[in-house]
Amino acid sequence: MTVSHTPPTPPAHTPTGVLRQLGRRKSISAMTAEAHTDAQTAQQGGLRRTFGVFQLTMISVGATLGTGILVILGEAVPVAGPAVWLAFVLAGITALLSAVSYAEMAGMVPVSGSSYSYSYATLGEGVAWVCGWCLVLEYAVSVAAVAVGAGDYVNETLRVFGLELPASLTTGPGLAEYPDGVINVSALLVVALATVLLMRGARESGVVNTILVFVKIGILVFFAIVAFTAFKAGNFAPMLPMGAAGVTAAASSVFFSYIGFDAASTAGEEAKNPRRDLPRAIIFSMLIVTSMYVLVAVTAIGARQWQWFDGAHAPLVQIVEEITGSNIAVLIFAVAAVLAIFSVVITVLYGQSRILLTMARDGMVPKIFGRVSQRTGTPLVGTLIVGGLVAITAAFIPLGELADATSIGTLFAFCLVNIAVIYLRFKRPDLERSFKVPFGPVVPALGAVACAFLMVNLGGRTWIVFGAWMAVGAIVYFTYSRRHSRVGALDEATYRTSL
């Protein structure tokens, strides 16, 4: 009888077993094989490949453009002063450093799941779970934050007709300036409508999003033209009333405005040619968005002194009203702004449902999030659940708390993607890359450092919320996810990469 001298595998409950579980990886070949299988079986309920580079770029721009300007500008200007445009530039550079890393990873791992999938293929299940849990925070909270901002523009639209929603229906409880706040009805309705549209199908929601992207670009250009007629260079003095710290603090808060390219990467399994088109869409969208943000921020400060923005709600439409004195111009701008915000809600909610779909496929979250409707080709039930939870959050939580919570989750996820790019450059230089980050590991290293820097500049309360969210995530992982992981259940020869 032959006696094996191979040491026994430690049981899962020992520290070594847990560490092995946290470090197990899912190979890139396994991910692409699953995506290919789903594409072949689309008629049985798989995701359908309908997006080209143009549609992917529109998803990315749709999830980004408008958020930082239409919603958060009024809160960012009092923090940074006239240098708020520098805050957008700083956040944009940080996002661009991470965007090129996303582009490289998207070309290598052309599947849904974004940075969650990238981390699973490189850094292991434990890091992938942390990244996916951050993405859940990033997407869900950012949708709620944007939807909250829609309420102000709905009211501006109604004021043209001499109407206005009461404070009890325009903001949730807890704000000192609105002690009568009960529920943000506008935010709830915006999320509900976006959820219904997404449940109908990816192609239908993509067409609507593309139309709305052109609407939002049009109104932002219109605003820049109107604001430029009242431009005063003296409004930029002093440039840094709050010092450099004010700029970095504002950049940390507005960073959530740049998550759009992440939303594009979640469409990896619905892109016709993801290896070619995803990197292009990511880069194109970043250039469009950053240019528009800086243009509008500069013209807004040129039109009004920075102190004017303190406490201003829907500041862009107020500037249009004061300069033009035309109710028609205000009506057009306010309605278009609501549509622009709706575009952001659609695309980010889309990304959230695809992240959870991928995590469900891996056993990290319940299977219900991974069930794709044969009729619509979308994760129907998962979208409904996510939409419902986000709608409730948007209805009752103030904007400021939501924006900062989104930023910290986004920054952490981006930091992990930069690290993953560096890891693969050294461990797997042989992998096919349809796009490569220039200057080797230097750029992704700068991206990781920049993300960490902006995270440090977020407030203590935001860190407490983030820590609590991570603690809940750890409980979920150790009580559910690691025991249901498909990578752990299937043969290691199929799923463990040789990285």
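Only heavy atoms go into these numbers, but all of them, side chains included; no hydrogens, no water, no symmetry mates.
- Taking 4.5 Å as the limit, every side-chain heavy atom of Ser60 sits out of range of all side-chain heavy atoms of Met286.
- For the atom pair CG of Leu416 and SG of Cys131, the computed distance is 5.0 Å after rounding to the nearest 0.5 Å.
- From Ile419, atom CD1 reaches atom OG1 of Thr122 across 9.5 Å, with rounding to the nearest 0.5 Å.
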- request: Show the numbers, then the answer: is there a side-chain contact (heavy atoms from CB on, under 4.5 Å) between Val221 and Met292?
  value: CA-CA 8 Å; Val221 171; Met292 292 303 301; 3.9 Å; yes
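- Judged as a side chain to side chain contact (heavy atoms under 4.5 Å, CB included), and not counting sequence neighbours, the contacts of Val298 are Trp85, Phe231, Phe236, Val294.
- Between Ile301 and Phe309, some side-chain heavy-atom pair lies under the 4.5 Å cut-off.
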task: Begin with the C-alpha distance, continue with both residues' side-chain angles, and end with the deciding distance and a verdict on side-chain contact (heavy atoms from CB on, under 4.5 Å) for Phe284 and Leu56.
output: CA-CA 10 Å; Phe284 290 162; Leu56 291 170; over 6 Å; no
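- Here the closest non-hydrogen pair linking Ile319 and Ala303 is CG2-CB, 4.2 Å.
- The shortest non-hydrogen separation linking Val443 to Pro438 is CG2-O, 3.2 Å.
- Contact annotation: the side chain of Leu424 never approaches that of Tyr118 to less than 4.5 Å [non-hydrogen atoms, C-beta and beyond].
- Relative ring orientation between Tyr102 and Phe414 is described as perpendicular, the plane-to-plane angle rising above 60° on a 0-90° scale split at 30° and 60°.
- Atom CD1 of Ile355 sits about 4.5 Å away from atom CG of Leu135, to the nearest 0.5 Å.
- Trp469 is linked by a ring pair (Phe, Tyr, Trp, His ring centres under 6.0 Å) to Trp133, counting only residues two or more places apart in sequence or in another chain.
- Contact of the Val136 side chain with the Val365 side chain is not registered, since no non-hydrogen atoms from C-beta on lie closer than 4.5 Å.
- In this structure, CD1 on Ile385 lies 11.5 Å from CD on Gln352, to the nearest 0.5 angstrom.
- Contacts classified as salt bridge (charged side-chain N to carboxylate O under 4.0 Å, His left out) and involving residues 380-391 (residues at least two apart or in different chains) are not found.
- Within the structure, every pair that satisfies the salt bridge (charged side-chain N to carboxylate O under 4.0 Å, His left out) test and touches residues 116-129, not counting sequence neighbours, is listed here: Arg24-Glu125.
- Residue Leu295 holds its CG atom at 8.5 Å from CG of Leu220, rounded to the nearest 0.5 Å.
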field: Derivation and outcome, side-chain contact (heavy atoms from CB on, under 4.5 Å), residues Met242 and Val79
entry: CA-CA 7 Å; Met242 308 299 179; Val79 176; over 6 Å; no
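- In this structure, Ser343 and Val213 have side chains that are in contact, with non-hydrogen atoms separated by less than 4.5 Å.
- Counting heavy atoms from C-beta outward, Phe222 and Val226 have side chains that approach closer than 4.5 Å.
- Ser119 places no side-chain N or O within 3.5 Å of a backbone atom of Ala128 that could act as its donor or acceptor partner.
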message: Checking Leu316 against Leu73 for the side-chain contact (heavy atoms from CB on, under 4.5 Å) test, could you report, in this order, the C-alpha distance in whole Å, the side-chain angles of both residues, the deciding distance, and whether it holds?
response: CA-CA 9 Å; Leu316 298 193; Leu73 183 65; 3.7 Å; yes
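- Here the closest non-hydrogen pair linking Val191 and Gly387 is CG1-O, 3.5 Å.
- The stretch residues 445-454 participates, sequence neighbours left out, in no side chain to side chain donor-acceptor pair (under 3.5 Å) pair at all.
- Nearest heavy atom pair, residue Leu97 against residue Gly447, reads CB-CA, 3.6 Å.
- The main-chain N or O of Ile282 is found under 3.5 Å from a side-chain atom of Ser285 such that the two form a donor-acceptor pair.
- Atom CZ of Phe369 sits about 15.5 Å away from atom CZ of Arg361, to the nearest 0.5 Å.
- With hydrogens and angles disregarded, a donor-acceptor distance shorter than 3.5 Å links the side chain of Trp129 to the backbone of Gly473.
- Considering every non-hydrogen atom in both Ala448 and Asn418, the closest pair reads N-ND2, 3.5 Å.
- Heavy-atom minimum distance, Val421 versus Glu104: CG1-OE2, 3.7 Å.
- With hydrogens and angles disregarded, no donor-acceptor distance shorter than 3.5 Å links the side chain of Trp306 to the backbone of Ala80.
- Phe412 pairs by the ring pair (Phe, Tyr, Trp, His ring centres under 6.0 Å) definition with Phe466, not counting sequence neighbours.
- Between Thr299 and Phe223, the closest side-chain pair of non-hydrogen atoms falls below 4.5 Å.
- Contact of the Thr358 side chain with the Ser117 side chain is registered, since non-hydrogen atoms from C-beta on lie closer than 4.5 Å.
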